[in-house]
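One structure is given below, encoded as structure tokens.
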Amino acid sequence: MPVDPNQDPYYRLRHSAAHVMAQAVLEQFPEGKVAIGPPIENGFYYDFDLPRALAPEDLEQIEQRMREIIAGNHPFHYRVVSADEAKELFKEQPYKLELIVGLEQGQDEYGDTDSGSTVISTYRQDTFEDLCRGPHVEHTGQIPSEGLKLMSVAGAYWRGDEHRPQLQRIYGTAWNSQEELEQYLWRIEEAKRRDHRRLGKELDLFSVSDEVGGGLILWHPKGAMIRGIVEAFTREAHLQNGYDWVYTPHVGRAHLWETSGHLDFYKENMFAGMDIEGETYYAKPMNCPFHIEIYKTHLRSYRDLPLRYAENGAVYRFERSGVLHGLTRVRGFTQDDAHIFCRPDQINTEISRALDFSLYVLRAFGLTDFSAYLSTMPEHHVGEPDNWEQATAALRQALDAHALSYKVDEGGGAFYGPKIDLKVSDALGREWQLSTIQFDFNLPDRFDLEFIGEDGQPHRPFMVHRALLGSMERFFGVLIEHFAGAFPLWLSPVQAVIIPITDRHLEFAGDVRQRLEAAGLRVEIDQSKDRMQNKIRRAQLQKVPYMLIIGNKEQEADAVAVRLRSGEDLGAIPISAFIERAQGEIAART
RNA sequence: GCCCACGUAGCUCAGUAGGUAGAGCAUUGCCUUGGUAAGGCAAAGGUCACGGGUUCAAGUCCCGUCGUGGGCUCCA
């Protein structure tokens, strides 16, 4: 994702670092070919076509050479050249030549049509001259050597096209100072510590089995406990917000998917069909057709609308093996899916409600930092432009009413309707796409959906597809990383561990457990023969919110000595008082 | 799917120049009965991902398959 030169204060420095890196690499591989080298979020990269694969040692050497170039304080010289001059200058560089031809046709370096000018320019520092529109720092000395680090090498296709040559991409990062660099590196380390795949194993939440297949999640008891709480909470919230809960099957006949158009346009993402008594069935990649079939079981009056069908619907999509990733990119997942069928005059209210509901649910899980994206009508689309306009206006109005700042992706909507995507930032400031609210002008036509209006005539309803959490799998992954596995009390699979100091206290421990469980708390006793210290350590590593230590003193006082996972020791608290405290915390979902 | 790297005990990893497999944690047993992040001793645990090849000898070298990771692309 390229960054905007006008908005990113690191743009010049990182872009310049990319040029310096290209110089260093070409010095080492004079026959190497260079592609493009833009600044990106947190750093920069440059793509090379080199005679051999780069190893980590090469990065050290390149980085070393970069520091020398930086120390040389070489100025960046800008000049405008004609297309012919440029072609002569880069005659040994086929990728640059392709870029120059593109520039002549008004394309940018990614091959996209660029509305900007078609000026062809270069920047030169020291011995290296690169096709570039800039801007850059004034001289290489302005790139802070101590804020620079090459991170990794990876394969990347020329122009992102798998049919074009695969290049070697070197990722680097560059900051204004060593402190900034170290902060960034700390964030990377912290992200690794929070990685849901790692915590999923350490906290025994879920696994993926080779035997079952990639991208198919096994929810272990503790992960399933959390999922169950999430589902119960959101289901209840849906019922309170005017949704009807439904259940639909995992497979459907081929004819359904022909009608929906999935077999025409989505087949490469579907699991292969299954033959049952001469009829082909497909695992569902989406829930919409099923909800539509429910809609169609009755003739609907304008008075019946809006109808809102919600379901935690498991869907299966064939994702290429290379893209699978933990819980966030899988082949089978459960969407908290709903479809709203409404009259044209209801869409403003419905969209506003859906957005409101979305924000309410996400906030309940401690996610409070949102950014919104509005995607509008693409060139190839179905449905009447009037409807698109009305729908887009409704989306826009809802965003404005909720005082959400949003970016507009002009022409970025799906072919079947405009949409709002909500992204949330987690505790580390990373963005995750969760909620989506999108209109669908395609399926109502394909399934010939109708309602009878006040005029006694059939009309086509508007259909809105929306998910709040996105999928249970991805959302769980986000929760794990957001909380670093230390879930708030209401979500914690084990809310308290009772730690008897000696075996003599086991009986009292059992008594305490019973009372806490009767109060609705999820409690375990650590009956191992380890010492108290080790039991504390174990509960701490499992990120259990409360450790309740029980010895002679507590037994006499009918109390528990409460230790928090923060390390704080609250001392002895009467059992009834502890129950009250925990119940209050659960009710507040903090 | 493609490029690169990786695949050794339940987990995290070590195995130097090919010579026949090791540690810590977890598990089990015995001793220890303790006051806020690891008590001691011992045992058990591995067709070194799978298949083939080179070699007197392969965890180690070569080829293939499967899987995982980092990217590309895509996306809930």
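Computation of the quantities below employed the complete heavy-atom set of this structure, encompassing side-chain atoms and omitting hydrogens, waters and symmetry-equivalent molecules. A note on names: the letters A, B, ... follow the listed sequences, proteins ahead of strands, and every chain is numbered from 1.
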Which part of the nucleic acid does A/S321 contact within heavy-atom distance under 4.0 Å: base, sugar-phosphate only, or nothing? base
Selection: residues 364-380 of chain A, any non-hydrogen atom under 4.0 Å of RNA chain B: none
Assess whether one donor atom and one acceptor atom, taken from the side chain of A/R538 and the base of B/rC25, lie less than 3.5 Å apart. no
Side-chain donor-acceptor pair under 3.5 Å between A/D426 and A/W432, yes or no? yes
Within 45° of the axis and under 6.0 Å from the centre of the six-membered ring of A/Y45, does NZ or CZ of A/R169 qualify? yes
Does the base of B/rC2 carry an N or O that pairs as donor and acceptor with the side chain of A/Y157 under 3.5 Å? yes
Hey, which of A/I498, A/V494, A/I499, A/V544 is the one that makes side-chain contact (heavy atoms from CB on, under 4.5 Å) with A/E524? A/V494
In A/R194, A/R197, A/R430, the residue satisfying salt bridge (charged side-chain N to carboxylate O under 4.0 Å, His left out) with A/E481 is A/R430
Is the A/Y157-A/H163 ring centre distance short of 6.0 angstrom? no
Between A/L54 and A/K535, which residue's closest nucleotide on RNA chain B lies nearer the 5′ terminus? A/L54
With sugar-phosphate meaning primed atoms plus P, OP1 and OP2, does A/E319 contact a base, only sugar-phosphate, or nothing at under 4.0 Å between heavy atoms? base
Over all strands shown, is A/R169 touching base, sugar-phosphate only, or nothing at heavy-atom distances under 4.0 angstrom? sugar-phosphate
Indicate, with a heavy-atom threshold strictly under 4.0 Å, whether A/G155 touches base, sugar-phosphate, or nothing. base
Using a 4.0 Å heavy-atom cut-off across all strands, classify A/N552 as base, sugar-phosphate, or nothing. base
Test item: A/Q540 side-chain N/O and A/R565 main-chain N/O as donor-acceptor pair under 3.5 Å: yes
Shortest non-hydrogen contact between A/H15 and A/P39, atoms and distance: CB-CG, 3.7 Å
Polar side chain donor-acceptor pair, A/H220 to A/S207, under 3.5 angstrom: yes
Decide, yes or no, whether a salt bridge links A/K419 with A/D421 under the criterion of side-chain N to carboxylate O below 4.0 Å. yes
Can you tell whether the side chains of A/K192 and A/E189 come within less than 4.0 Å, N to carboxylate O? yes
On RNA chain B, does the nearest nucleotide to A/L469 precede the nearest nucleotide to A/G322 from the 5' side, or the other way round? Give the residue. A/G322
Identify, residue by residue, the members of residues 540-547 of chain A with a heavy atom below 4.0 Å from RNA chain B, and return them in order of residue number, or none. A/Q540, A/L541
Is there a residue in residues 553-563 of chain A whose heavy atoms reach under 4.0 Å of RNA chain B, and which residues are they? A/K553, A/E554, A/A561, A/R563
Ring centroids only, cut at 6.0 angstrom: are A/F48 and A/Y46 within range, meaning strictly under it? yes
Among B/rA76, B/rG39, B/rU33, the nucleotide that comes nearest once only the side chain of A/R531 is considered: B/rG39
Watson-Crick or G-U wobble partner for B/rC75, using a 3.5 Å limit on both distances? none
Taking pairing as Watson-Crick or G-U wobble with both contacts under 3.5 Å, can you name the mate of B/rC61, or confirm there isn't one? B/rG53
Does A/N534 reach a base, just sugar-phosphate, or nothing at all? Heavy atoms under 4.0 Å. sugar-phosphate
For A/W219 together with A/F333, are the ring centres under 6.0 Å from each other? no
Does a side-chain N or O from A/H325 land closer than 4.0 Å to OP1 or OP2 of B/rG70, or not? yes
Would you mind classifying the nucleic acid contact of A/V153 as base, sugar-phosphate or nothing, using non-hydrogen atoms under 4.0 angstrom? nothing
Quick one: label A/G160 by what it contacts on the DNA or RNA (base, sugar-phosphate, nothing), any heavy atom closer than 4.0 Å. sugar-phosphate
Would you classify A/Y171 as touching base, sugar-phosphate or nothing, given that sugar-phosphate means primed atoms plus P, OP1 and OP2, and contacts are heavy atoms under 4.0 Å? sugar-phosphate
Remember a base hit wins even if backbone is also touched, and classify A/R565 as base, sugar-phosphate or nothing at under 4.0 Å, heavy atoms. nothing
